[in-house]
Amino acid sequence: MSFTAFVWICDVGFRRSIETTVNAASRSNLETVQRLVASTEPRGAPAIASELRDLADLWANGAVFEVADAAGHWLYRPDPFLHENPALPSASGRDAEFYTTNLDFNQYRVALARVQAGEKVFEIHAAVPTEPFDQALDRFRLIEKEILPLLVLVASLLGYWLSGKSLAPVDRIIRSAEQIGVESLSQRLEVPEPRDELRRLTETLNAMLGRIEASFRRITQFTADASHDLRTPVAVMRTTAEIALRRPRTAPEYRAALARILQTSVETSDLLESLLTLARADAGAAGLEMHPLDLNLHLRKAQEQGAVLAADKSLGFTLRTPETPVWIRADAIAIHRLLLILIDNAVKYTPPGGLCEIALTQNQDHAHIAVKDTGIGIPEGELDSIFERFRRADRARSRETPGAGLGLAIARWIAQMHGGAITAESKVGCGSVFHVRLPTAESA
């Protein structure tokens, strides 16, 4: 299709070029006759006719002309103009006009004009045969017909070669992608050297593979950790029941076994609830109902529950809040859970006689919650990972502390869902401070 259009454009261009050339030749002949008439006019009509006959004898290549005075009397008119078909019109002005006609059965391109010579007006017709130009056009079209199949063949072969060369990197990308599976997510596609769209596509795919690999690792680790943390309490309950049933026991011994099973089942239920919350968060199905609420009031409610936990360990527990309400748009249940997670962690990792403190402040567009304790602290190298799932700082010192390491992961998710953030600072042996920033109702 493209070659057909190319040939058509070439043909049209060549015809336009020939037409321009023929018009220029006939115009040039007309101007030559015009100059001759102008120079001879003072000598009268007979002299003009004589000079025109002499000029006609000098012209070659079949070019002819005719000249008439203002009254239409021909001063010079050769035989070919006696057989015009179709007949030429009279010139309408001094600007040259061009017509195509047959003179003595041969096609001519004629330039017509009315010219002023002295005080007289003459009409000049200058004709140039078109046959040589038509022959040139026919030869050009013949060459087009002969060379077009060859051009199509060459272009097809060249296109096939170029497409194969240009698609070779794509083929390598496809082969590399086919080799990447679950066991080889660390493999990456070969990046082409040229800095073009294909390189950008490859780099984008490699970045996507990196994200998939990271997500897959998190899911695998999450599954393994969840299986481990669920297997342990199930084993404890089974072992306790089996030991209790091996021989008859007293009522207090049965109650102690049942109490141990109940405590383990409660912990397992909490773990399952946390897993379900995170699973819903990952699936985007944990819908939160955002409403304006007073964070000051919710902190007081959480402090009341935290005071009960702190009393069991003889901990000091204080709360500092502004005197005015601090309004945020939040889900009340989720915010309450976030506060209880931080308070529970502070109490859990603070030895008896220590201190837990909660402070609430507000700036222009954010509310800031700080939960501080004087507990065992967190090593600096683990501060970045404590918000990951199933991660517990210093496992050796937290074995006696119940929990699965999901609380801070849930707390971070809740903060992020409210457009906020949670961070931690700590020093081993000196305690920790958890900071929560939440947008106020006006900024939200």
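Quick caveat, the model's predicted, so the values are computed rather than measured. Note that these values count all heavy atoms, side chains included, but never hydrogens, waters or copies made by symmetry.
Contact record, Phe98 with Ala111: CE2-CB, 3.8 Å, taken as the closest heavy-atom pair. The two residues Ala127 and Asn29 have their closest heavy-atom pair at O-ND2, 4.5 Å. The heavy-atom pair separating Ile358 from Leu299 by the smallest distance is CG2-CD2, 3.7 Å. Considering every non-hydrogen atom in both Asn296 and Thr324, the closest pair reads ND2-O, 3.3 Å. Minimum interatomic distance between Leu360 and Pro322 (heavy atoms only, all atoms of both residues): O-CD, 3.2 Å. Residues Leu112 and His125 come closest through the heavy atom pair CG-CD2, 3.5 Å.
With His298 contributing its side chain and Asp294 its backbone, the two residues share no donor-acceptor pair below 3.5 Å. Of the possible polar contacts, none joining the Ser28 side chain to the Ala25 backbone as a donor-acceptor pair under 3.5 Å is found. Distance alone, capped at 3.5 Å, is enough to place a donor-acceptor pair between the Tyr108 side chain and the Gly62 backbone. No donor-acceptor pair closer than 3.5 Å links the side chain of Asn106 to the backbone N or O of Pro129. Side chain of Asp331 to backbone of Met290: no donor-acceptor contact under 3.5 angstrom is found. For the pair Asp373 (side chain) and Gly431 (backbone), a donor-acceptor distance under 3.5 Å is absent. Side-chain atoms of Thr374 come within 3.5 Å of backbone N or O of Leu355 as a donor-acceptor pair.
More than 12 heavy atoms of other residues, nucleotides or ligands shown are found within 6.0 angstrom of NZ on Lys313. Within 6.0 Å of CD1 in Ile333 there are 12 or fewer heavy atoms belonging to other residues, nucleotides or ligands. Annotation for Gln107: atom CD counts as buried by contact number, over 12 foreign heavy atoms lying within 6.0 Å. By the neighbour-count criterion of 12 heavy atoms within 6.0 Å, atom CD of Glu131 is sparsely surrounded, having that number or fewer from other residues, nucleotides or ligands.
Annotation: the span from Phe65 atom CZ to Leu55 atom CG amounts to 4.5 Å, rounded to 0.5 Å. A distance of 4.5 Å separates CZ of Phe317 from CD1 of Ile343, quoted to the nearest 0.5 Å. Of the inter-residue distances, the one linking Leu295 atom CG with Leu339 atom CG reads 6.5 Å to the nearest 0.5 angstrom.
Salt-bridge annotation for Glu203 and Arg199: present, with a side-chain N of the basic residue lying under 4.0 Å from a carboxylate O of the acidic one.
In this structure, the ring-ring contact (aromatic ring centres under 6.0 Å, His included) partners of His435, at least two apart in sequence or on a different chain, are His368.
Residue Arg109 forms a side-chain hydrogen bond (donor to acceptor under 3.5 Å, both in side chains) with just one option from Thr100, Thr21, Thr101, and that option is Thr100.
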